[in-house]
Amino acid sequence: MEGEHRDIRCMVRKLSDNNWEIPKGHIPNMRVPGRLFVSESLLDGIEPGTIDQIANVATLPGIQKYSMAMPDAHLGYGFAIGGVAAFDTEEGIISPGGVGFDINCGVRLIRTNLRKEDVVPEIKRLTDELFTNVPAGVGSKSRFRASDQELDGAFLEGAKWAVDAGYGVEADVEHCEGNGYLEGADTAHVSTKARKRGKPQLGTLGSGNHFLEVQYVDEIYDREVASAFGLEEGQVTVMIHCGSRGAGHQICTDHLKELSQAVKKYGIEIPDKQLACAPAQSREAQNYFKAMLCAANYAWANRQMITHWTRESFEKVFGRDVDDMGMSLLYDVAHNVAKLEDHNIEGRKKEVYVHRKGATRAFPAGHPEVPAAYRDVGQPVLIPGSMGTPSFILCGAKDSMDVSFGSACHGAGRVMSRAHAKKEFHGQSVKENLEAHGITVRATHPSVIAEEAPGVYKSSSEVVNVVHELGIARKVARVIPLGVAKG
DNA sequence: ATGTCC
């Protein structure tokens with residue numbers, strides 16, 4: 001492909017460390033410049049097509065300040081994964097490409113008061129128990145048989161519905177971004193097909209890079225914030241990384257069709273068909289938005305149900321009560337979602353549609369949407385590693401509002417296709433290698449392990465260092481996997 | 001990511 005011969009260094013202009021501009025002349029009709037937040041070394045790994053995607057988004061109507069991408073940026077559908085863009089609520093647009101297919105893919109972290117040495121001797125049994133209790137894999141079905149009414153509950157009330165249904169406690173909801181649900185969801189815009197796919201999957205992990213992982217804290221970078229987050233060295237934590245399954249995928253697919261028509265109807269010029277969108281206040285855009293919120297809420301309900309089964313699994317293995325094991329929710333973040341938020345733009349506060357696609361909200365200390373428990377330090381920002389690699393806990397930092405619409409990165413980007421990974425690695429040997437490093441893995445098939453081998457992802461530590469140095473999120477702690485369940 | 005192509 002011709003793109004591979006283009007020099008990335010000729011496409012960007014360095015503004016300061018970790019901060020690069022994609023000038024308005026990169027492609028015709030850019031309304032604002034692009035911004036790419038990467039280190040010198042990460043820059044060389046960015047595909048030219050990713051730069052083009054950041055520039056393409058800059059041509060969309062009503063875009064504010066600049067079209068940006070986080071240090072884990074890579075090619076996505078229309079918008080780059082790692083992309084953040086905010087649009088005016090009147091002059092701007094809403095685009096499914098700016099959210100992605102896995103609506104509200106996200107991460108939550110459960111604390112325990114168990115120590116690494118308490119868990120290591122039981123890790124195989126615990127990982128087996130988690131793998132048994134939380135269905136994983138493509139097309140996997142839930143242990144929970146949702147009725148239509150219960151599905152509506154998940155679509156409209158997210159984690160709150162799940163807690164009311166007996167999956168968790170009230171405090172869980174308070175420790176989710178947006179209290180585990182977004183207002184304005186309307187199931188009238190969710191197709192029968194999306195319901196049909198979503199109904200049996202409510203309470204499933206999914207596949208790909210999604211996982212359920214038992215970890216321990218091995219390093220604290222910021223004692224004060226770690227203390228506010230209830231984290232200390234040697235402590236065991238559980239991380240859940242999953243999304244809205246077939247429901248979100250179908251909702252995205254359905255509305256992409258409608259919005260492709262809307263592009264013509266409203267005469268919007270887009271440089272890439274994958275940037276299908278409609279004017280923010282149009283019927284088409286609002287219908288997508290209301291359906292997207294249903295999928296976002298479904299994902300929060302999904303992670304909440306998985307949390308409940310995680311707690312039950314620990315109870316069974318350790319023979320202790322969840323409260324006794326201190327299994328409270330630290331936080332739950334969305335990294336694929338569009339939201340109405342207030343931001344300061346050119347010196348005045350205004351409401352915008354912020355699209356985060358493979359980017360985590362990272363609101364700083366003092367922001368009213370940060371839960372009271374963390375208000376003095378900033379919201380927890382959870383950055384999952386890939387299978388067998390460290391994950392990071394950060395907190396939203398003071399410059400995020402000015403620099404990145406209150407956003408940070410979301411994880412390690414893939415550097416090798418699934419097909420390539422399956423040729424390069426063998427599941428069984430990857431598994432043996434991980435077990436030699438003290439990491440137990442349970443997956444539906446060895447090919448899943450090959451596709452997700454540690455070597456197919458960029459290092460998340462390099463990505464995390466960029467957002468830390470930029471002052472948009474600060475490093476708090478690092479966690480190391482002990483046991484992983486995957487689909 | 002995804003009933004990994006209706």
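In the text below, chain A, chain B and the rest are named by the order of the sequence lines, each starting its count at 1.
Atoms CZ (Arg418(A)) and C1' (dT2(B)) sit 10 Å apart, rounded to a whole Å. Distance Tyr298(A) OH to dT2(B) C1': 13 Å, rounded to the nearest Å. Rounded to whole Å, atom P of dT2(B) lies 16 Å from atom CG of Asp254(A). One interatomic measurement links the two molecules: CG of Asp102(A) to C1' of dT4(B), which rounds to 14 Å at whole-angstrom precision. Atom-to-atom, NE2 of His249(A) to P of dT4(B) comes out at 9 Å; the value is rounded to the nearest Å. Per the geometry, NZ belonging to Lys196(A) stands 14 Å off P belonging to dC6(B), to the nearest Å. Rounding to whole angstrom units, CD of residue Gln250(A) and C1' of dC5(B) are separated by 14 Å.
For the pair Arg414(A) and Glu452(A), the salt-bridge criterion is met [side-chain N within less than 4.0 Å of a carboxylate O].
Across the interface with DNA chain B, nearest-nucleotide mapping of Arg414(A) and Glu451(A) shows Arg414(A) to be the residue nearer the 5′ end.
Counting non-hydrogen atoms under 4.0 angstrom, Gly246(A) reaches the backbone sugars and phosphates but no base. Contact annotation for Lys193(A): base contact, defined as any heavy-atom pair under 4.0 Å involving a base atom.
Between His175(A) and Tyr374(A), a ring centre-to-centre spacing shorter than 6.0 Å is recorded. Proximity of the aromatic rings of His241(A) and His410(A) is defined here by a centroid distance below 6.0 angstrom, and this criterion is not met.
A donor-acceptor pair under 3.5 Å links the side-chain atoms of Arg111(A) to the main chain of Phe229(A), judged by distance alone.
Phosphate proximity of dT2(B) to Thr253(A): absent, as no side-chain N or O sits under 4.0 Å from OP1 or OP2. Considering only side-chain N and O atoms, Arg245(A) lies under 4.0 angstrom from the phosphate OP1 or OP2 of dT2(B).
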